[in-house]
Amino acid sequence: MKPLRPQVAWPLVERRKPDYLSLFAALVDEFAHAEVTEAAIRSGLRRIAEAMNAESASLFLLEGKVDAPNARLVCKACIGPSDITGLSLPLNSGIVGRAVQTQSTQRVADTRTDPDFVPPSAAMNYEVRSILCAPMSVRDEPIGAIEVVNPRDRDRLFTEKDREALTTLSSATALAIFSDRLGRDRVQQARLQHELELAAGVQRHLLPARQDSDARVQGLNLPARVVSGDFYDILLLDPDRTAFALADVSGKGMNAALVMVKAATLFRSLGKQIRQPGKLLARIGAEMLETMSAGMFVTMVVGIYDRRRHEVRFANAGHEPPLLRTRQGVFHAYAASDPPLGIVAPAQRGYPETVLKLQGGGFYVFSDGCTESFGANGRMRGAQGLRKLISANVSRPAQERIEAIAAALAPDIRALRDDITLLVVDDGSATAGRKTRETGVLAKQSFAAQPARLQAIRRVTKSAALQVGASDEWADELVLAVDEACQNIIRHGYKGRRNGRIELSIHRMQKALRVELLDFAPPVKQDECKGRKLNELRPGGLGTHFMRTLTDRVQYLRPRGKVGNRLVMTKKIK
């Protein structure tokens with residue numbers, strides 16, 4: 001409590017008739033043009049005390065829920081001969097507590113006759129004779145109360161008009177405080193949202209770039225929220241061996257995201273040095289255990305694929321049992337025998353390893369979001385449902401296959417309940433011998449679906465166009481077409497949603513460049529992609545007509561795996 005101020009003998013003055021309407025307008029104007037700080041509140045209390053010719057005025061705010069046993073009323077500001085700022089009272093104590101609990105203005109002519117009156121301490125040396133106390137609330141939600149004490153004229157009592165006036169003034173003050181809190185909450189929410197988006201950006205950069213279509217190890221992650229607790233990674237060790245990992249962090253939100261970032265960073269840094277999956281997993285677990293929060297853990301599968309031997313060697317720390325689908329269509333599951341990371345210190349010998357010969361089969365690692373998703377019948381798919389999806393799409397190339405499975409697991413990405421992460425190691429025999437007219441991949445990159453990333457997309461497109469010896473004019477035409485397509489994806493596909501992404505790939509054909517844009521927004525109907533008539537075009541909405549003018553062919557194709565939308569533009573090389 002602040003040092004006591006000396007008692008002031010207020011002179012008896014002839015009281016003028018208060019102009020409460022002007023006072024109300026003045027308070028509203030003051031709170032509307034400044035933050036509701038202690039200084040602003042003290043200024044308002046001074047106006048109220050002067051208008052009511054009272055010795056002192058105080059403002060109490062409620063801390064805690066009104067029905068909580070530890071709820072209290074704390075004086076945040078006051079004016080008058082005795083400073084009670086910081087005074088804390090139980091909600092069920094005193095006249096101010098009665099006003100808040102009953103949500104009614106209390107007018108006490110003589111405090112000596114009121115059983116709820118709590119006398120001030122003797123050290124305050126201040127006599128409280130009469131009290132007028134009005135509750136503050138917004139939408140029936142209590143905020144606190146304003147209390148005025150002792151008319152300066154000892155022969156006068158607070159009137160009914162004073163009571164009505166203080167009730168109105170407390171309502172205006174409550175609204176100002178509520179609006180100030182709401183504004184601060186919105187700023188805080190915006191700050192948290194910005195931090196989540198930054199964290200999501202870090203996570204996206206930790207995910208591996210989209211693999212070449214003929215790569216034997218392919219992965220996919222669909223986050224249910226802005227940030228994800230799942231991750232996968234693919235690390236090329238040498239031309240014949242590829243390391244991979246897939247993990248799921250317990251819990252949701254920022255804590256899980258931070259743990260995920262650490263696990264992903266450890267795999268990428270240690271995976272280049274430790275080539276035994278069991279020892280690598282144990283090393284990651286030992287590092288995680290040092291800083292893991294209580295109750296959190298990470299399930300994780302780490303493996304290495306050897307394409308010469310057609311072999312997968314992996315270790316499992318408490319994760320969902322990976323699946324091997326043989327070339328004959330038989331499934332084998334491999335349950336974990338050791339606990340997740342972060343629970344107990346891993347054995348020095350490392351986690352046990354399993355070695356599998358693929359021989360034309362496929363090895364699948366996935367998060368529990370895949371098995372715990374719901375089918376059209378409203379039932380959880382489980383491991384058996386996932387097996388059916390794998391078998392239904394096994395004839396597709398590995399990249400298309402996991403996209404098709406993910407599309408079936410999450411037809412509407414906005415309705416995801418849990419992250420979906422899926423990784424496949426495929427022997428490649430299912431797509432062996434397929435021919436393609438492509439003569440080279442010039443660019444393949446994933447971008448956040450945000451206007452700020454358009455410059456980078458334009459730069460990649462221009463660079464790819466110039467690689468084939470095209471003129472600047474020809475390259476700029478392709479850049480404009482790609483830019484228009486990406487703007488449409490951001491504005492009309494994702495509708496400004498900040499966690500979307502655009503997959504860009506540019507291929508050199510025999511006599512043309514082929515640009516493919518894949519997004520994961522809700523699918524658009526094909527008849528909506530025909531473009532407008534020329535007299536209906538307007539900036540930012542040139543659509544298909546503009547793209548057809550700048551390229552030789554525009555196709556809206558069925559997305560691989562029915563995920564989002566797939567746009568292909570072809571431009572003949574001149």
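Since the structure is predicted, the reported quantities are computational estimates derived from the model, not experimental observations. Numbering starts at 1 and runs along the sequence shown.
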Can you tell whether the side chains of Arg308 and Asp240 come within less than 4.0 Å, N to carboxylate O?
yes
Going by the rule ring pair (Phe, Tyr, Trp, His ring centres under 6.0 Å), which residues pair with Phe363 if we only count those two or more places apart in sequence or in a different chain?
Phe314
Beyond-backbone contact of Arg508 with Ile573, side-chain heavy atoms, under 4.5 angstrom:
yes
Value for CZ (Phe366) from CG (Leu323), rounded to nearest 0.5 Å, stands at 4.0 Å
Using side-chain heavy atoms (C-beta onward) and a distance below 4.5 Å, is Glu503 in contact with Phe520?
yes
Can you tell me which residue pairs pass the salt bridge (charged side-chain N to carboxylate O under 4.0 Å, His left out) test with a partner in residues 313-323, sequence neighbours excluded?
Arg313-Glu353
Around atom CD of Gln273, are there more than 12 heavy atoms of other residues, nucleotides or ligands at under 6.0 Å?
yes
To the closest 0.5 Å, what do you measure between CG (Asp483) and CG (Leu478)?
11.0 Å
Rounded distance (nearest 0.5 Å) linking atom CD of Gln555 with atom OG1 of Thr570:
5.5 Å
For the atom pair CG (Asp248) and OG1 (Thr299), what is the distance rounded to the nearest 0.5 Å?
4.5 Å
With sequence neighbours excluded, residues passing side chain to side chain donor-acceptor pair (under 3.5 Å) with Lys388:
none
Keeping the roles fixed (side chain from Tyr351, backbone from Leu280), state whether a donor-acceptor pair exists under 3.5 Å.
no
Is Arg401 salt-bridged to Asp426, going by a charged N under 4.0 Å from an acidic O?
yes
Do Arg216 side-chain atoms and Asp427 backbone N/O form a donor-acceptor pair below 3.5 Å?
yes
